[in-house]
Amino acid sequence: MTQTAVSDASPGVSRGPSTPSVPGISAIRATDPAIADLIAKEAERQETTLELIASENHTSPAVMAAMGTCLTNKYAEGYPGARYYGGCEFHDQVETFAIERAKQMFGCKFANVQPHSGAQANAAVFMACMEPGSTFASLVLKDGGHLSHGMKINFSGRYYNPVHYPLHYDVSHKDFERIDYDAVEKVVLEHKPKMLLCGYSAYPRTIDFARFRAIADKVGAILMSDVAHIAGLIVGGAHPSPFPHSHVVTTTTHKTLRGPRGGLILTNDEDLAKKIDKAVFPGMQGGPLMHVIAAKAVAFGECLRPEWKTYSAQVVKNAKALADALTKLNYRITTGGTDNHLMLVDLRKRSEALTGADASKWLEACGIISNMNGIPSDPRPPKVTSGVRLGTPALTTRGLKETEMSAVASLIDRALSAGLAGEAEFAKASAQIREDVRRLCDRFPLPH
Ligand code: DSN
C-alpha cells in the first residue's frame with residue numbers, strides 16, 4: 001500500500017503545500033485502501049496543478065463536508081412539508097434553507113434545488129414548458145452551446161425540434177464571433193419556437209437578456225436562460241442578471257457558484273414554478289440527493305457573503321488579464337477577448353499545426369489542466385479542434401491575481417512551444433515547467 005502525506009485534518013487547518021487534507025480519509029482507508037489511495041492521489045493532483053477548465057472550481061471544506069454526511073442515507077421524495085417518506089423533519093429544513101438562499105441570491109420568487117445536474121434541470125424545464133416535438137431556438141453546441149440545447153443524440157434533439165441561431169461569422173464584422181441578435185430575431189420570427197434558449201458553455205461575452213426577451217415576446221416564446229457558466233458572476237454582480245427578463249433560469253451549482261455538483265431552477269412565475277416542481281419530481285427524478293442539497297445550502301450561504309462580490313469581480317479581472325497576456329504571446333482569443341470567466345484560444349495564430357488535442361495533452365503533462373474546444377467555424381473535428389477553452393474561477397479561488405495571470409500565460413506558452421519543438425525537446429523542457437507550476441501552486445494552497 002502506497003503511503004501518502006494525506007490524513008484527516010481539523011477543519012480550517014492548512015496542511016501546507018502539497019499535503020492536501022482529505023477529511024474522513026482514514027475511515028475510507030480502513031475499509032477500502034485502494035479507493036482511499038486514489039482519492040489521496042486526486043487531492044494531490046488538484047493541489048499541485050493549475051485548474052483552468054472553465055466549468056470547474058474548488059469548493060470550500062464546508063461544502064465538501066456537507067456532502068459526506070448522514071443526509072445521504074435518507075429518501076425524501078416530494079418537497080418540504082409534502083414528502084412521501086417519514087423522518088424528513090430536518091431534511092425539510094435543510095431544503096428550505098437551500099431554496100430561500102437560492103431565491104435571495106438571484107432575487108427571484110421560486111427555486112427548485114433538487115435537479116441532480118444542469119442537464120437534468122434543463123430536461124425538467126423542457127418537460128414543464130413544451131410538448132414532445134415542440135420547436136425551440138438555441139445556439140448550436142459547436143458555436144458554444146450545450147449538448148442539452150438540442151444536440152441530435154441528446155434528449156433535447158431527439159424528443160424536441162431544435163432550430164439554431166448563428167453568431168457573426170464574418171471576420172470583418174465588428175461583432176465577429178458574437179451572437180448575431182438580428183439573426184436570432186429572424187430565426188425566431190421564421191420558426192415561432194415555443195421556447196427561446198440563451199446561455200452557453202463556451203461564450204466569452206456578456207449576454208443581453210433584455211434583447212433576448214424582446215425577441216421572445218415577438219412570438220410569445222418562453223425565454224429560458226441557462227446560466228450554468230456565469231451564475232456565480234451574476235450573484236456577485238459581475239454579469240447582468242437574467243431576471244427580470246427570463247421566464248425561467250437554470251444553472252449548475254458547481255461551476256462559478258463553487259458548490260457541489262448539481263442543478264438549480266429559478267423563476268418568478270408561480271404557474272411555471274408548479275409545473276417545474278412536477279417535472280423535476282416525479283417527472284424526471286425520484287429521491288432528491290439530500291446531502292448534496294445540504295451542500296448547496298452551504299455554498300449558497302457563502303455566495304451571499306459580501307466577499308463573494310470581490311471573488312466574482314476578481315474572476316473576471318483575471319480572465320481579462322490572462323486573455324491579454326496570451327494575446328501578447330501571439331495567441332488569438334476569439335471575439336478579441338472576454339467579458340466573463342472564460343476565453344477560447346484559437347491556437348492557429350501561434351502555429352497552424354497546433355491543435356486543441358495536442359495543446360491540452362502537452363499542457364496537462366506540465367500540470368496545466370484545460371480542455372480542447374472547437375472555435376466558431378472550426379474546420380477541425382470535435383476530438384481534434386483548433387482551440388482550447390480556459391477559465392479563471394478555480395485559480396481565483398486559490399488566490400491568484402492579475403500578476404500571476406501573466407505567469408500562467410507564460411507557463412502555457414512555454415509548454416506549447418516545447419510541444420511544438422518535438423518529443424525530445426518536450427521531454428527536456430516539460431519537467432522544469434511542471435516544477436515551476438508546482439511552485440506556483442505551493443504559493444497558493446487550496447482552501448483547507
Ligand atoms: N460540460 C460542461 C462544461 O464543461 O462547460 C457544461 O455542462
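Order of listing sets the numbers, starting from 1, for every ligand and every atom in it. Note that the structure is a prediction, hence the values are computed from the model and not measured.
- Under 3.5 Å, the side chains of Asn154 and Ser156 contain a donor-acceptor pair of N or O atoms.
- Contact check for Asp180 versus Leu167: no side-chain heavy atoms found under the 4.5 Å cut-off.
- A cation-pi geometry, defined here as NZ or CZ lying under 6.0 Å from the six-membered ring centre and within 45° of its normal, does not hold between Arg305 and Tyr311.
- Residues Leu322 and Leu52 form a side-chain contact, since some pair of their non-hydrogen atoms from C-beta on lies under 4.5 Å apart.
- Atoms of ligand 1 found under 4.0 Å from any heavy atom of Ser201, numbered from 1 in the order shown, are 5 (O), 6 (C).
- The atoms of ligand 1 that sit less than 4.0 Å from any heavy atom of Ser55 are 3 (C), 4 (O), 5 (O).
- Nearest protein heavy-atom neighbour of atom 2 (C) of ligand 1: Lys255 CE, 4.0 Å.
- In this structure, atom 5 (O) of ligand 1 is in close contact with the protein, since a protein heavy atom lies within 4.0 Å of it.
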*Working for salt bridge (Lys or Arg N to Asp or Glu O under 4.0 Å), residues Arg45 and Glu42*: CA-CA 5 Å; Arg45 185 193 72 80; Glu42 172 59 10; 2.7 Å; yes
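- To the nearest 0.5 angstrom, Ile230 atom CD1 is 12.0 Å from Ser312 atom OG.
- Considering only non-hydrogen protein atoms, atom 1 (N) of ligand 1 sits nearest to His146 NE2, 4.6 Å.
- Listed by atom number, the atoms of ligand 1 under 4.0 Å from Arg389 heavy atoms are 3 (C), 4 (O), 5 (O).
- When each atom of ligand 1 is checked for a heavy atom of His229 under 4.0 Å away, the hits are 3 (C), 5 (O).
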